[in-house]
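Note sheet for the following structure.
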Amino acid sequence: MKQMKRRGVAALSLVGLIGLGYVAWSTNRPGQAVAAPEAAAKAAPAAAQAKPVAVELATVKALDFADETSAVGTLKAAESVVLRPEVSGRIARIGFRDGALVRRGDLLIGLDATIQEAELAQAKANVELARTSFRRNEELLARKFISPQALDASAATLKVQEAALQLATAKAAKMRLVAPFAGIVGLRDVSAGGYVKEGEELVNVEDISSLRADFRLAEAYFGRLRPGLALELSSDALPGQTFAATVEAIDPQIDPAARSIAVRARLDNRQGKLRPGMFVRVRVAFGERKGVLMIPEEAVQPGAKPSVFRVVDGKAEVAPVRLGLRRDAQVEVVEGLAAGDLIVTAGQLKLRPGAPVKMPQAAQP
């Protein structure tokens, strides 16, 4: 019995000693009391000494360049017409070769005009008879052999016959299709002896000594366009060649859907290098501008109000800008920057206003 009590007292003593040791160790553990203050002290200098962000920089440059824009257009002949007969008939004569030069008034296609020519001859004879009768009545009236009413009747008959002659002449003329202007005829699909209907397309005539170029520009250029403005045209069919043209007319109405304005230019084509219907590229030069501030397009931060990151004293700051023309991956800065400013062109996502910037040696001010 006494032996069991001794064992219990020994166990309780051992447990007590272990508990006292744990309390003493916890209380005197190294760094326990100052852990939080030291962490706060380390965090403050780390925040104050942020690591510089590596970015790509560019310098705002003041450049001189031609104020111009470009567009695409289509060439048209100065004069173009498709000949169609006004009456039906059989083709009696074809007076041209495909693709040949013709002069104004040359007969191109003649229809069978046998009936019309007979009517014309009859009308001429009736006019001669009426004219002779009228002259005879004038002599008779002078001798008092007829009344003035008889002379008036013969005069009216003469006018009727002259009108009939004009009608017969017009009918005969409609059987002849002539070139309305000098130019080049196209390819015909009819032959002599074929029957054609009224309004059927027979052949086209094109005056290509000069050409028209129709194209469109944004409405923003309306105030700067004027007749006589010099243009430069080029065609993919003739690489390396350019052609001079001038603005001939400007459409007074702006397209409300596309917000663009139609422009027509005229160019000399007496050498015959260009053809109607060709696709052309149009370069419109408004003049030369000096001291234009240009920056790379990738430097601009998109948004309702565009901005860029400008580097001042090694730190990034946001600079709102107003942009102008764009050309060759460059954009004009109208307001917000000055020549010589350093701007960030890559790495903007890592930047915040006031963040230090790691500047390349070449970009050091």
Side-chain angles (χ1 to χ4, degrees), residues 76-212 272 276-277:
K76 296 182 179 179
E79 301 291 345
S80 176
V81 67
V82 177
L83 297 182
R84 296 179 174 89
E86 297 184 40
V87 295
S88 301
R90 191 173 304 279
I91 297 177
R93 179 184 175 187
I94 295 179
F96 69 92
R97 292 179 293 103
D98 293 354
L101 290 170
V102 295
R103 296 172 298 179
R104 180 179 180 179
D106 286 353
L107 175 66
L108 301 182
I109 295 178
L111 302 180
D112 184 7
T114 304
I115 297 177
Q116 288 77 10
E117 290 175 356
E119 292 177 348
L120 178 60
Q122 182 182 13
K124 289 181 179 179
N126 290 337
V127 168
E128 289 300 325
L129 179 60
R131 184 176 291 114
T132 302
S133 177
F134 175 73
R135 291 174 180 173
R136 185 182 300 112
N137 287 341
E138 284 182 326
E139 295 176 358
L140 293 176
L141 179 62
R143 297 178 183 180
K144 306 297 183 180
F145 290 155
I146 61 173
S147 64
Q149 291 79 6
L151 180 62
D152 292 341
S154 61
T157 302
L158 176 58
K159 290 183 179 180
V160 170
Q161 295 303 327
E162 288 176 345
L165 175 60
Q166 293 178 355
L167 179 60
T169 302
K171 287 183 178 180
K174 292 184 183 300
M175 309 306 290
R176 294 166 49 88
L177 277 71
V178 299
F181 47 80
I184 300 177
V185 292
L187 308 179
R188 61 181 173 90
D189 294 325
V190 295
S191 300
Y195 186 84
V196 294
K197 297 181 180 179
E198 175 185 348
E200 182 178 346
E201 294 185 5
L202 299 183
V203 68
N204 62 306
V205 183
E206 310 286 340
D207 179 8
I208 64 171
S209 59
S210 65
L211 297 176
R212 297 176 296 175

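Bear in mind the structure is a predicted one, so any value in this text is a computation, not a measurement.
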**Message:** Is any side-chain heavy atom of Pro85 closer than 4.5 Å to one of Leu202?
**Reply:** yes

**Prompt:** Are Val185 and Asp98 close enough, and set up right, to give a side-chain contact (heavy atoms from CB on, under 4.5 Å), and what steps lead you there?
**Reply:** CA-CA 6 Å; Val185 292; Asp98 293 354; over 6 Å; no

**Asked** Would you call Val205 and Ile184 a side-chain contact if the rule is heavy atoms closer than 4.5 Å?
**Response** no

**Message:** Checking Phe96 against Leu107 for the side-chain contact (heavy atoms from CB on, under 4.5 Å) test, could you report, in this order, the C-alpha distance in whole Å, the side-chain angles of both residues, the deciding distance, and whether it holds?
**Reply:** CA-CA 8 Å; Phe96 69 92; Leu107 175 66; over 6 Å; no

**Message:** Between Asp207 (side chain only) and Ser209 (backbone N and O only), is there a donor and an acceptor less than 3.5 Å apart?
**Reply:** yes

**Asked** What residues, two or more places apart in sequence or in another chain, satisfy side-chain hydrogen bond (donor to acceptor under 3.5 Å, both in side chains) together with Glu128?
**Response** Arg131

**Prompt:** Are side-chain heavy atoms of Ile91 and Ile109 found at a separation under 4.5 Å?
**Reply:** yes

**Nearest non-hydrogen partners of Leu120 and Ala168, listed with the distance** = CA-CB, 3.6 Å

**Request:** For the residue pair Glu138 and Leu151, establish whether any side-chain heavy-atom pair is separated by less than 4.5 Å.
**Result:** yes

**Prompt:** Distance-only, no hydrogens or angles: does the Glu200 side chain make a donor-acceptor pair with backbone N or O of Lys197 under 3.5 Å?
**Reply:** yes

**Request:** Decide if atom CD1 of Ile115 counts as having more than 12 heavy atoms of other residues, nucleotides or ligands within a radius under 6.0 Å.
**Result:** no

**Request:** Mind listing the closest non-hydrogen atom pair of Ala130 and Gln161 along with its distance?
**Result:** CB-CG, 3.9 Å

**Asked** At their closest point, which heavy atom of Leu211 faces which heavy atom of Pro276, and how far apart are they?
**Response** CD2-CG, 4.1 Å

**Prompt:** Are side-chain N/O atoms of Asn137 and Glu139 paired as donor and acceptor at under 3.5 Å?
**Reply:** no

**Prompt:** Considering all heavy atoms of both residues, which atom of Lys171 and which atom of Gln116 are nearest to each other, and what is their separation?
**Reply:** O-CG, 3.8 Å

**Residue pair Leu108 / Val102, side-chain heavy-atom distance below 4.5 Å** = yes

**Prompt:** Can you find a pair of side-chain heavy atoms, one from Glu162 and one from Leu158, that are under 4.5 Å apart?
**Reply:** yes

**Item:** Polar side-chain atom of Arg90 near backbone of Gly193 as donor-acceptor pair, under 3.5 Å
**Value:** yes

**Request:** Mark yes or no for whether Arg212, through its side chain, and Ala77, through its backbone, hold a donor-acceptor pair below 3.5 Å.
**Result:** yes

**Request:** For the pair Arg136 and Thr132, evaluate side-chain contact (heavy atoms from CB on, under 4.5 Å) and give the outcome as yes or no after the intermediate values.
**Result:** CA-CA 6 Å; Arg136 185 182 300 112; Thr132 302; 3.7 Å; yes

**Request:** Taking Arg143 for its side chain and Phe145 for its backbone only, find out whether a donor-acceptor pair lies under 3.5 Å.
**Result:** no

**Prompt:** Going by atom types only, do Glu206 and Ser80 share a side-chain donor-acceptor pair under 3.5 Å?
**Reply:** yes

**Complete:** Applying side-chain hydrogen bond (donor to acceptor under 3.5 Å, both in side chains) to Asp106 and not counting sequence neighbours gives none

**Asked** More than 12 heavy atoms of other residues, nucleotides or ligands under 6.0 Å from CZ of Arg176: is that the case?
**Response** no

**Request:** List the atom of Ser154, the atom of Phe134, and the distance in Å for their closest heavy-atom pair.
**Result:** OG-CD1, 3.4 Å

**Item:** Crowding at CZ, Arg84 (>12 non-hydrogen neighbours, <6.0 Å)
**Value:** yes

